[in-house]
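Proteins come first, then strands; the chains are lettered A, B, ... in the order of their sequence lines, and each starts at number 1. Given the structure is predicted, the values throughout are model-derived calculations rather than measurements.
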Amino acid sequence: MTAQTVAGAPTAPLLDFDDAVAAYEPVFGLETHVELSTRSKMFCGCATTFGAEPNTQVCPVCLGLPGSLPVANRAAVEATIRIGLALHCTIAPWCRFARKNYFYPDMPKNFQISQYDEPLCTDGYLDVEVDDRVFRIGIERVHLEEDTGKSLHVGGATGRIHGADYSLVDYNRAGIPLVEIVTKPVTGTGRLAPAVARAYVTELREVMRALGVSDVRMEQGSLRCDVNLSLHPVGSTTWGTRSETKNVNSLRSVERAVRYEIQRQAAVLHAGGRVVQETRHFHEDSGVTTPGRSKEQAEDYRYFPEPDLVPLAPDAAWVEELRATLPELPLDRRRRLRDAWGVSATEMQAALNAGAVDLIEATVAAGAPPRDAYKWWMGELARRANESGRELAELPITPADVAALCELVASGRLTDKLARDVLDGVLAGEGTPHEVVAARGLEVVSDDAALQRAVDDAIAAHPDVAEKIRGGKVAAAGVLVGAVMKSTGGRADAAKVRDLILRTLGTNS
Amino acid sequence: MPRLTRDDVAHLARLSRLALSDDELDHLAGQLDVIINAVARVSEVATPDVPPTSHPLPLTNVFRDDEVHPSLPVADVLAAAPAVEQQRFKVPRILEEE
């Protein structure tokens, strides 16, 4: 066993990943919380704007003041039903909200309105693709609840003097509609478990986007994940004890958390120990999980049907009306685009992970050949987005710009190298590709007379090189090509220049 | 055998963050058991074909439209806070969180 340590965190011994999945089979489940992008909160009319000043979007209802009464937001219920339908779930014909009681200052009223044994949607699935294989992830339930407030912890860990520990709570988020999507246990993924987990959350995010029900901005917390995972020896049919990892709040982290828990639990089992059933916290910075509260004292939330709300009873007509609003599902769309663009499943997966699918589609719609559109977004532009730590969609360039660039290259007015210079200009805010070409004078020198003059000048300036070429040393032409490219500011087509040089020197090959 | 034991009451007190003395536990356990027994008599008359009531009105699908209404002025919101810092409710450190 190779014990690895991770710097800067309380570390657990880890088993090498390959050794871990050779000996143990992972079973995992994901609980995903998605904040709906309704204008108002779940049970009151407070606004839901992200980043508002603390405690400016609260009222007696979301503060749980005596005498206030919640009323369900129709748009949130409809969004949840649409999510359930997109995930192939059964929609409950009748169900209720439940009161989940707990003492914790993230809810001012000491309970959260949620759903318990009567979720709005049950028993569905979501197909995801990894390495050209399709994994059908079972959906256990989709239910609707309200989000909690946001706590800021001051003191202790942040370096204040001992004894100054306290928390500051902002209730703007308390009461925002939150949908919880719980998978069935996912089995049989083996070494692909981390990738399948990530692909599931990615696909779920795409579904939410396509439905238009959530911003799904993980960095703003509108999509959050908990990862449950257990291991059992390969060949065994009895599942092991699971851990529940909280705070997994980026796609990359989902993959890392699954991988880490596989390695950590494998090390425990390998050493003859027992995995403890507990809640663990994931740390974005170090990628490790650390133990939180043990599940020995099981929570006692004393759920009961919420007495302030009447039941939900979506009738068949309403459900069918909502079903008719469903968009083409993202995986179906990507399969269709894959055929249309002539790219492989792996290439499409890369485009999905890079957030490029919509951009490529819009570029193709603007007239670019699919291959060229794919090449620019996934090559040069992805590289630049990476370098500047931005998403592709955040780059100051439109699909129409990229389509124009493709056209300029296809028509021979720009070489690939010049096109990259034009890209610099567009990204620097100098205008559209055509404007940058005009302003920077980047167009390929297509004036043959001008090019011939540049070639003659280069030959005159390098008589020795010219002599070698005349003598049959064609390879020496590179020097003259370089000179012409220099004198034209890189605006010449190198292959054409080479031909012209050889022709001029009478060694046309 | 009481329906509600002294241990049950101690457990509920802990969940409710109520510090009850031994005397109070003895006293309340007895009282609460009387209340529970009184309420339990309902089940003597309820037949299996009567579903439990969770809301007094026979209504379903009562909704509000997704419209924003003014929230409380922040000063009114924080007037109810035990302590305030940075326009937030200041509370004892929340345990079990990173």
Does any part of the side chain of [Y], heavy atoms only, come nearer than 4.5 Å to the side chain of [X], both counted from C-beta?
{"X": "D170(A)", "Y": "Q86(B)", "value": "no"}
{"X": "L312(A)", "Y": "T60(B)", "value": "no"}
{"X": "C46(A)", "Y": "V68(B)", "value": "no"}
{"X": "V169(A)", "Y": "V91(B)", "value": "yes"}
{"X": "D66(B)", "Y": "R74(A)", "value": "no"}
{"X": "F63(B)", "Y": "V71(A)", "value": "no"}

Roughly how far, to the nearest 0.5 Å, is the [atom2] atom of [Y] from the [atom1] atom of [X]?
{"X": "N73(A)", "Y": "D65(B)", "atom1": "CG", "atom2": "CG", "answer": "8.5 Å"}
{"X": "N172(A)", "Y": "S71(B)", "atom1": "CG", "atom2": "OG", "answer": "8.0 Å"}
{"X": "L72(B)", "Y": "N55(A)", "atom1": "CG", "atom2": "CG", "answer": "10.5 Å"}
{"X": "H69(B)", "Y": "S40(A)", "atom1": "NE2", "atom2": "OG", "answer": "7.5 Å"}

Discussion item. Side chain to side chain donor-acceptor pair (under 3.5 Å), that's the test. Do D308(A) and H55(B) meet it? Break it down for me.
Written reply: CA-CA 7 Å; D308(A) 286 344; H55(B) 196 278; over 6 Å; no

Measuring heavy-atom distances to chain B, does [X] have an atom under 4.5 Å in its side chain, in its backbone, in both, or in neither?
{"X": "P108(A)", "answer": "neither"}
{"X": "C44(A)", "answer": "backbone"}
{"X": "K41(A)", "answer": "backbone"}

Worksheet entry | Taking every non-hydrogen atom, the tightest pair across L15(B) and F103(A) | O-CD1, 3.2 Å

Name the option with the most non-hydrogen atom pairs under 4.5 Å to chain B; the candidates are [options].
{"options": "C59(A), P311(A), P305(A), P314(A)", "value": "P311(A)"}
{"options": "P307(A), A76(A), P54(A), G149(A)", "value": "P54(A)"}
{"options": "N110(A), L65(A), V61(A), L309(A)", "value": "L309(A)"}
{"options": "R39(A), E53(A), K150(A)", "value": "R39(A)"}

Fill in: N61(B) side chain to A313(A) backbone, donor-acceptor under 3.5 Å
yes

Practice prompt. Mark yes when over 12 heavy atoms from residues, nucleotides or ligands other than Y116(A) sit less than 6.0 Å from its OH; otherwise mark no.
Written response: no

Worksheet item: Taking R88(B), R17(B), R64(B) one by one, which has the highest count of heavy-atom pairs under 4.5 Å against chain A?
Response: R64(B)

Item to complete: Give the ring-plane orientation class for Y171(A) versus F89(B), where under 30° counts as parallel, over 60° as perpendicular and anything between as tilted.
Response: perpendicular

Fill in: Portion of Q87(B) that has a non-hydrogen atom of chain A nearer than 4.5 angstrom
both

